[in-house]
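So the structure is just underneath, and the comments pick up after that.
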Amino acid sequence: MARASQSKNRKRSSKAPRPRARKRVTPSEDQLLEYYKDMLLIRRFEERAGQMYGMGLIGGFCHLYIGQEAVVVGMQKAIDDRDAVITSYRDHGHMLACGMDAKGVMAELTGRIGGYSKGKGGSMHMFSRDNRFYGGHGIVGAQVPIGTGLAFAAKYKGTDGVSLTYLGDGAVNQGQVHEAFNMAELWSLPVVYVIENNRYGMGTSVKRASAAKELYRLGEPYGMPGEQVDGMDVLAVREAAEKAVKYCRDGKGPYVLEMMTYRYRGHSMSDPARYRTKEEVAEMREQHDPITNLSKVIVHAGYKTEDDLKKIDKDIRAVVADAAEFAQASPEPDSSELYTDVLVDA
Amino acid sequence: MPIDILMPALSPTMTEGNLAKWHKNEGDEITAGEVIAEIETDKATMEVEAVDEGVLGKIIVSEGSENVPVNEVIGVLLEEGENAEHLTASETLASMSANAEIRGQVVNPSVDTAAVAVVPSPRPKGSEMKSIGASSMLTVREALRDAMAEEMRNNENVFLMGEEVAQYQGAYKVSQGLLDEFGDRRVIDTPITEHGFTGLGVGAAFAGLVPIVEFMTFNFAMQAMDHLINSAAKTNYMSGGQMGCPVVFRGPNGAASRVAAQHSQCFASWFAHVPGIYVVSPYTAADAKGLLKSAIRDPNPVIFLENEILYGQSFEVPDDPEWTVPIGRAKVVREGSDVTITAFSVMVGHALKAAEELSKLGIEAEILDLRTLRPLDTETIVRSVKKTNRIVSIEEGWPVAGMGSEIAAIMMENAFDWLDAPLKRVCAADVPLPYAANLEEMALPQIGDIVRAAKSVCYAE
Ligand SMILES: Cc1ncc(C[n+]2csc(CCOP(=O)(O)OP(=O)(O)O)c2C)c(N)n1
Ligand SMILES: [Mg+2]
């Protein structure tokens, strides 16, 4: 109960998330640059994906992560190779943050053999066992019990691993999320539930979908601590992530982090965007952009000049251009692939 | 090289749209990610963002233009140090046609999908083992428990979870004694949370454990259908073969006795429909044990359909803990020359009794215990029909799109010329199962129904 009331103090308006005044461990120059590059890679990758979608090179649904980069980059910095990551269909950023190759991700988007799923999964269904990325799940909320199962396995095997299980603000209304919360606390499973509150599930705002307004408190009835975090601030995310991951690793059970964030683009590529105002989007982009804001920190600290950052951007754009080229040059899967991978050969 | 800005599509089906607005003028500097234009269709509007940085060298399609084809060059971006002179018509045209070509690419499978409409999934390897050595009379219940216990001794990663499986010893006492032997780390009572624990089991399997997930009955698995199909069955395929899911979902299926519609349903054909899983439904205790052991050892998800009525029935079971039964093989449990009868689970018992009555009438039925419903053992069914030229399919499920429908299709595709009579199905009545004893009996396949169907395909009325 102490935990629950503790988290009450963290209540904040969902409108304009601001970093909480806290004593920060100042990250080193190298760390800041790493966060910057990682976020920028996601941004540039997604812009390119959007463009390629517009050219008809990418089919189906394509959910871009632009605006939310700080969440996944900050979380990723708190974990190591014991840990597992799982999320929904808005997964490109998570995969890049997990260290998956931009080429393989982009080639999956174009449905080519060079993609992580050999072109059979597409944007919403990608995996990399090597990078401990467990998908990429297209059914809203389904990744939550599965991610809880990853934590169950970590505990069963005694690996000290933690499962980072991401879900949207819309997904929290799935019954299975609460079923998973219950089991996670009941069995003290090492899972951090990262709720990416980007204010909308498709066109429905949190206000119109959830009777509970403080999503970080959804684990409270089960005794799970929760915290609301400025998800536009990579440093705030990282700090919260370290605390939550440590809590899980110490065997204390699951933890909820609600990341206040924003997606700049539509829900998927075809989104009429009539549910929010242009001003709202502009305000977030102009005043809360995680990448612009971090660049200011870096320049202000004197670590890099604007020109240096331009050079970094150029390098990253080259990486993305390579990925795009690979994704177009890689052949479509051979017709023989139609019948492979249905079952694992015993 | 100048970079073409192309008319983007909002969706894969969009072919043209209106260029509503340019946010930039010729000569304006553009940074990557900046909104440069707005396009619209009757359904939506979209902002076009620059992917590269540079200067908007030329606007080719002016704002307000309607019905602009997707991928048409609408403007040109100049990189540092370039000027408008770099823009030659030929360059622009060349890049346009290159893009058109990319867009025109379609999947062109050389496999003629129409011609190979039915490509059943392969059977797992392994062949029928002759049981050698001693055997004992065991109930199906004990055989299932022994299978789990042996595999749990074999493999530390195997664990059992479900409602009442541990302290209560199983709602139907199938897991009797397992908590004592393996402890609560490996025999886990879950809350009543089918959707949740099924998903959790799938996640544990992705992470390398081998969960045995018990459904108190399969009726409750409907709450977990999404994870069974979307998560367990499809993920290996969607991951290009990376995400095998070694899990067994087991529990009683079909009608028990007098528990009415919500607790009495056969799910065999539901699951058999789905690629990416195996579906097993044994009759004897020996098959229950041998198949459950195979299911636990198999790297794929297996739906293991048991039957409450069979739990207490006893059969000879080999003692050898290494004895298993391969998934994917039907078994001829009674040889006969006049008519083939296919059945699975509790219906095999009915079929055997019907065969005795038929024998008195001079009709020798060959009974096939299907044992596995996905993949169906087409070969064994067809071989039998080539001998008997007649076939009756028995199942406890409903007729529409049932296992019998599938077997009828197999007959059309593989044994049409060998049939001397149309296939007959014996199924549950096409109604929710009634509670009243008399109506329940009418609704479920009875021995008399099987006899009548067999006589009818033999024209022995
Ligand atoms: C069970 C289910 N219902 C509906 C959908 C369709 N759908 C896909 S995404 C989505 C909105 C989810 O919003 P949220 O959880 O906030 O995630 P976000 O898209 O904002 O990242 C919906 C309704 C689905 N994929 N699965
Ligand atoms: Mg959302």
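These figures come from a predicted structure and were not determined experimentally. Here is the naming used below: chain letters follow the sequence lines, and residue numbers restart at 1 for every chain.
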* Asked: With respect to chain B, which residue among Lys157(A), Glu108(A), Met126(A), Arg48(A) yields the maximal number of heavy-atom pairs within a distance under 4.5 Å?
  -> Lys157(A)
* Side-chain donor or acceptor of Gln242(B) paired with backbone N/O of Phe127(A) under 3.5 Å -> yes
* Structure fact -> So, the part of Ile277(B) with a heavy atom under 4.5 Å from chain A: the answer is backbone
* Donor-acceptor pair, Asn71(B) side chain versus Met55(A) backbone, under 3.5 Å? -> yes
* Structure fact -> With chain A, the option among Ser239(B), Pro8(B), Ala204(B), Ala207(B) that has the most non-hydrogen atom pairs under 4.5 Å is Ser239(B)
* Structure fact -> Most contact-rich option vs chain A, by heavy-atom pairs under 4.5 angstrom, among Val202(B), Asp226(B), Ile39(B), Thr198(B), is Asp226(B)
* With a 4.5 angstrom heavy-atom cut-off, could you sort out which part of Thr31(B) is near chain A: side chain, backbone, both or neither? => neither
* Inspect the contact between Lys314(A) and Glu53(B) and indicate whether a charged nitrogen and a carboxylate oxygen are less than 4.0 angstrom apart. => no
* To do: Show your reasoning for whether side chain to side chain contact (heavy atoms under 4.5 Å, CB included) applies to Ile86(A) and Phe206(B).
  => CA-CA 11 Å; Ile86(A) 188 167; Phe206(B) 286 157; 5.7 Å; no
* Asked: Between Phe159(B) and Phe152(A), is the ring centre distance below 6.0 Å?
  -> yes
* **Heavy-atom side-chain contact between Ile146(A) and His227(B) under 4.5 Å** => yes
* Return the option, out of Lys234(B), Arg297(B), Met7(B), Arg186(B), with the maximum number of heavy-atom pairs under 4.5 Å with chain A. => Arg186(B)
* **Beyond-backbone contact of Pro191(B) with Met183(A), side-chain heavy atoms, under 4.5 angstrom** => yes
* Any side-chain heavy atom of Thr340(A) within less than 4.5 Å of one from Tyr237(B)? -> no
